[in-house]
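Before any comments, here is the structure.
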Amino acid sequence: MSLAQVHYTSAAPGDEGTGGRFTAVGPGVSGALLAEIEPLLRYELPDSVPDHPSAGELRSLPQPFTYATLSDGSRLVSRSAPVRETSGGAGPGVRFHAHAVHLPPGVPLPGDRLPVEAWRSPHWVAVTPGGAIPDPLTLPPGPTAVSEGLDDFAVSRGPWLAAVLADLRRASEPREPGGRPVVLVERQCADVARWLGLASVTLPRESAERLTFTTYTRRPGSSAARVVGVPPEDAEAARAGGLRVHVCAGQAPSGGGTDDVWATTAARVWRDRSPELFREARELPGEPFAAGPLAVTALCAGIVLGPNGRAAAAGWAADRPYALDAKRTGQLVEALASPGIDDRTGPEFDAVGRLFGALEGRCPASVTAPLAAMLVTEAVRGGNGSLELPHRDAFVGPEGAVVAERLAPEILTELGEGAGPRSVARTVQLLRVARLLGVDGTESLPGVVDRLAPALLAEAAAEEESGKGAEGPLGFAPALLELLDEQFEVRTALLGALDRLAPRDPGAVARFLERVALPFTGTQALPHLRMCAEVPGAMATLGGDRAAVWHRVLRAAGLSPFAEPLVLRTAVGLVWEDRAPTVEEARLLLDAATSDAHRAAGTWARLVDAALGASGTGPSAASTDEAAALAHDLLRGFPGEIGGRERAALLLLDLVRELRTGAPEPGWAEAVRTLCAQADPVEPALRERAHTALVERLLAPDRPGAELYDFVHGDDAELIAAYDRTARTELVRTRLRTQPAYAADCFTVWTAHPHAGGTWPPVAASLLDEVLRPAVRAMSPEDVAEVEATVGRTGSSGRADAFRTWNRSSALGRLGRRIAGRVRRG
């Protein structure tokens with residue numbers, strides 16, 4: 001069909017107030033469309049154009065080539081050309097003429113060409129024709145002029161190629177109108193057209209057709225095109241307007257270009273002058289701009305790609321191992337495993353590992369052997385612990401022997417004791433590779449597992465402390481479990497090493513087993529590991545009954561603590577990991593095994609903690625008595641183990657028991673003072689209970705006089721203050737009111753030592769006045785007489801006179817107060 005052509009020219013001299021006019025309009029182009037088309041055809045000259053340019057200067061002026069979509073879905077392809085003004089008169093000596101072709105909606109270009117292919121059509125004209133002219137979009141068959149020289153142009157634009165192709169791809173995506181254009185800065189419009197020619201070859205057909213453009217404009221910010229070309233002098237203004245600008249007309253950029261793997265791969269294809277590969281890549285399955293198909297095609301064609309491109313190719317082929325024939329599969333493997341590559345990355349190796357797994361069993365081992373060799377070499381030399389290793393039958397013929405001979409010394413050296421610390425993943429990987437290659441590591445295995453076992457616990461604890469939490473599997477767990485499943489001798493040795501470690505830190509082993517389900521269900525005894533595995537279920541089932549949990553965990557060991565005392569340590573560490581047992585629980589532990597067993601297990605220290613902890617926090621005298629009884633048994637059971645302040649504290653606790661219930665050795669006050677000093681820093685509650693027990697015994701009716709004398713003359717302010725507090729309790733006051741003999745004894749004591757240091761006399765005087773006097777006042781005359789008689793019998797007549805005088809002064813005081821009251825009332 002014949003397409004409507006439109007001609008537009010700038011205003012002639014004297015046409016004031018007009019920018020231009022249509023000089024010819026083909027059929028079917030409405031006035032509304034002309035109003036929409038006119039802004040697309042206008043032409044703004046570059047700066048510094050001479051008024052009367054020479055022929056060469058005229059030819060060097062930009063000739064915009066434009067492809068636009070209109071509001072009704074139709075399209076417009078146009079070319080504008082500057083022409084010399086021939087009408088004379090004032091004004092510039094340059095005009096322009098625009099020649100456009102209108103394509104109705106749904107009508108393709110003749111020959112199903114892309115718009116950019118008409119760029120150098122010989123049928124574009126720079127004057128309004130007098131009659132019909134050939135359609136400039138009707139091009140001769142075969143490659144057009146736009147394809148000529150694209151290889152050379154791509155090579156010349158190598159530094160910008162990947163970044164520009166990435167932006168052209170994004171510009172070709174479906175989007176709403178009004179998007180911001182990509183700006184290409186070139187000195188010549190032809191070079192902008194060549195960029196579009198590169199895009200038309202590189203992009204899928206539907207994407208290239210969406211790529212509207214103009215090769216020259218002075219106002220890129222107001223352009224509706226997706227790609228615009230601007231001269232160098234307008235680059236800064238475009239960048240200031242927030243547009244994506246590529247200055248391809250100056251110094252090459254110093255940055256890395258783009259992270260778009262598809263664009264980077266496409267750029268390498270262009271630099272290799274192999275644009276036919278784009279068509280081949282589009283025949284492979286995958287998304288239009290997936291890097292994998294293009295990278296596979298490039299590698300199979302011998303094009304060198306970077307690590308991202310190789311990873312994309314390997315990943316794509318791993319997902320679609322059926323998409324390539326045997327020839328291309330071999331070419332891909334050869335390219336990926338090339339010995340000349342020295343920039344491989346972790347993601348690339350991971351992708352190659354997946355590819356090997358996908359090809360294994362589908363292809364002969366001779367095809368995949370280079371990948372297997374590459375993977376095991378990286379596992380040893382590169383330290384990539386995440387690689388999926390091949391199976392033992394991955395090598396056939398001499399390949400495996402060659403790799404083993406090359407890597408065996410390195411593996412054995414690194415597994416040796418002098419190689420320094422290694423991560424768990426690294427050790428596991430080396431052990432698996434050693435077995436894969438048949439490397440004999442029997443001699444080094446004991447040392448390897450002895451270092452691996454604590455490393456397992458350390459890395460698990462470090463991951464927990466780093467904030468990753470204690471839930472979910474550890475990163476090295478899958479590879480570790482595969483190792484234990486593959487190698488029986490390693491499993492046996494490692495489980496034994498962990499079982500030996502468990503008594504040192506059973507809580508850490510238990511937490512580790514919750515995250516890594518080690519296979520220890522075989523014939524190995526492993527009592528400590530079995531206990532560690534049992535404790536979570538026991539805790540969940542039995543709740544806070546720690547004694548019941550302890551019994552259940554101990555049963556899981558399958559050994560008696562009498563036969564293997566260390567199970568005591570493990571069980572205690574699991575149940576009371578972060579706290580001391582209560583006195584009742586400690587009594588249970590003490591009775592469950594002999595002192596020899598606790599001594600061998602080291603659990604006697606937990607029992608000491610229980611006794612001292614209860615003595616410092618127990619709320620009642622009963623709890624103190626229980627703790628004191630435990631302390632007494634511990635001192636008898638572990639005389640050589642308990643020393644220092646712990647021994648002094650236990651002796652102090654035992655002295656409290658004897659003061660309350662027995663007959664302690666003489667020198668009570670001095671013993672309390674000495675033991676408190678030796679146990680320093682003694683728990684405040686224990687110190688207070690020791691003082692209280694001492695003064696309660698000194699306030700008892702049957703206390704020895706010598707102990708009281710030593711106490712009074714010891715002049716210990718803290719002990720005397722405790723005596724004062726206890727003497728003012730209701731128990732002592734009641735005893736004073738109801739027992740005349742006890743009141744007489746207290747009067748004798750509180751008046752007998754008037755010169756015993758500086759602390760006792762004021763306390764004794766205060767007790768006489770504030771405690772004993774109210775008690776005597778409350779007595780009957782008969783009881784008072786009995787107090788006086790008892791004071792005389794136990795002391796002397798002078799002491800009895802002193803009591804009468806003391807009591808009379810009290811009576812006179814009462815009488816004086818009565819008389820004074822009567823006088824006031826009178």
Side-chain angles (χ1 to χ4, degrees), residues 346 349-350 353-354 356-357 360 372-373 375-395 400 403-404 407-408 410-417 419-463 472-502 508-509 511-524 526 529 532-533:
F349 278 109
D350 292 339
R354 292 198 299 113
F356 176 83
E360 193 176 24
L375 291 173
V376 296
T377 301
E378 167 63 12
V380 174
R381 294 180 175 173
N384 190 337
S386 66
L387 284 179
E388 190 67 31
L389 293 176
H391 297 98
R392 296 193 69 178
D393 56 357
F395 300 104
V403 176
L407 298 178
E410 300 177 30
I411 294 173
L412 293 176
T413 298
E414 189 169 350
L415 286 176
E417 294 185 7
R422 291 180 305 276
S423 68
V424 169
R426 178 62 175 165
T427 302
V428 169
Q429 192 80 305
L430 288 172
L431 288 171
R432 296 186 67 201
V433 174
R435 178 180 181 273
L436 171 65
L437 299 179
V439 178
D440 185 6
T442 305
E443 293 184 2
S444 62
L445 183 59
V448 171
V449 296
D450 283 345
R451 293 187 293 274
L452 177 59
L456 291 171
L457 304 181
E459 288 196 21
E463 183 176 318
L474 294 164
F476 57 75
L480 174 66
L481 294 176
E482 287 190 29
L483 169 70
L484 300 183
D485 185 57
E486 294 168 353
Q487 304 184 40
F488 174 78
E489 66 282 4
V490 173
R491 179 171 73 243
T492 302
L494 182 60
L495 292 179
L498 284 171
D499 193 68
R500 291 190 296 273
L501 278 179
V509 176
R511 289 189 294 272
F512 175 76
L513 292 180
E514 283 191 88
R515 304 182 68 184
V516 183
L518 292 181
F520 52 88
T521 56
T523 58
Q524 280 181 278
L526 305 175
L529 285 186
C532 292

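Just so it is clear, the model here is predicted, and its values are computed rather than measured. Any value given below was found using the heavy atoms of this structure, including those in side chains, with hydrogens, waters and symmetry copies removed.
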* Asked: For the atom pair CZ (Arg432) and CD (Glu482), what is the distance rounded to the nearest 0.5 Å?
  -> 4.5 Å
* If every non-hydrogen atom of Pro454 is compared with every non-hydrogen atom of Leu501, which pair is closest and at what distance? -> N-CD1, 3.5 Å
* Run the salt bridge (Lys or Arg N to Asp or Glu O under 4.0 Å) check on Glu414 and Arg422 step by step: do they pass? -> CA-CA 9 Å; Glu414 189 169 350; Arg422 291 180 305 276; 5.0 Å; no
* Structure fact -> To the nearest 0.5 Å, atom CZ of Arg435 lies from atom CG of Leu430 at 15.5 Å
* Asked: Mind checking whether Val448 and Leu494 have side chains closer than 4.5 Å, heavy atoms only?
  -> no
* **Reported CG-to-CZ distance for the pair Leu498 and Phe512, which is rounded to 0.5 angstrom** => 6.5 Å
* To do: State which residues pass side-chain contact (heavy atoms from CB on, under 4.5 Å) with Val424; sequence neighbours excluded, sorted by chain then number.
  => Val428, Leu452, Ala455, Leu456, Glu459, Phe476
* To do: Indicate yes or no: at least one non-hydrogen side-chain atom of Asp350 is less than 4.5 angstrom from one of Arg354.
  => no
* Residues two or more places apart in sequence or in another chain: which of them pass side-chain contact (heavy atoms from CB on, under 4.5 Å) with Arg491? -> Leu484, Phe488, Leu495, Pro519
* Asked: What distance separates Leu407 CG from Thr377 OG1, expressed to the nearest 0.5 Å?
  -> 4.5 Å
* To do: Let me see the working for Phe520 and Asp499 under side chain to side chain contact (heavy atoms under 4.5 Å, CB included), right down to the final yes or no.
  => CA-CA 10 Å; Phe520 52 88; Asp499 193 68; over 6 Å; no
* Residues in side-chain contact (heavy atoms from CB on, under 4.5 Å) contact with Leu445, at least two apart in sequence or another chain -> Val449, Glu489, Val490
* **Nearest-0.5 Å distance that lies between atom CG in Leu526 and atom OG1 in Thr523** => 9.0 Å
* Residue pair Leu481 / Ala517: nearest heavy atoms and the distance that separates them -> CD2-O, 3.7 Å
* **Interatomic spacing from CG in Asp440 to CG in Leu412 - rounded to 0.5 Å** => 8.0 Å
* What are the two closest non-hydrogen atoms of Leu437 and Ala404, and how far apart are they? -> O-CB, 3.6 Å
* **Distance-minimising heavy-atom pair for Leu513 and Cys532** => CD1-CB, 3.8 Å
* Taking the side chain as every heavy atom from C-beta outward, state whether Asp450 and Arg500 have any pair of such atoms under 4.5 Å apart. => yes
* Structure fact -> On a heavy-atom basis, the closest approach of Glu463 and Gly475 is OE1-N, 4.2 Å
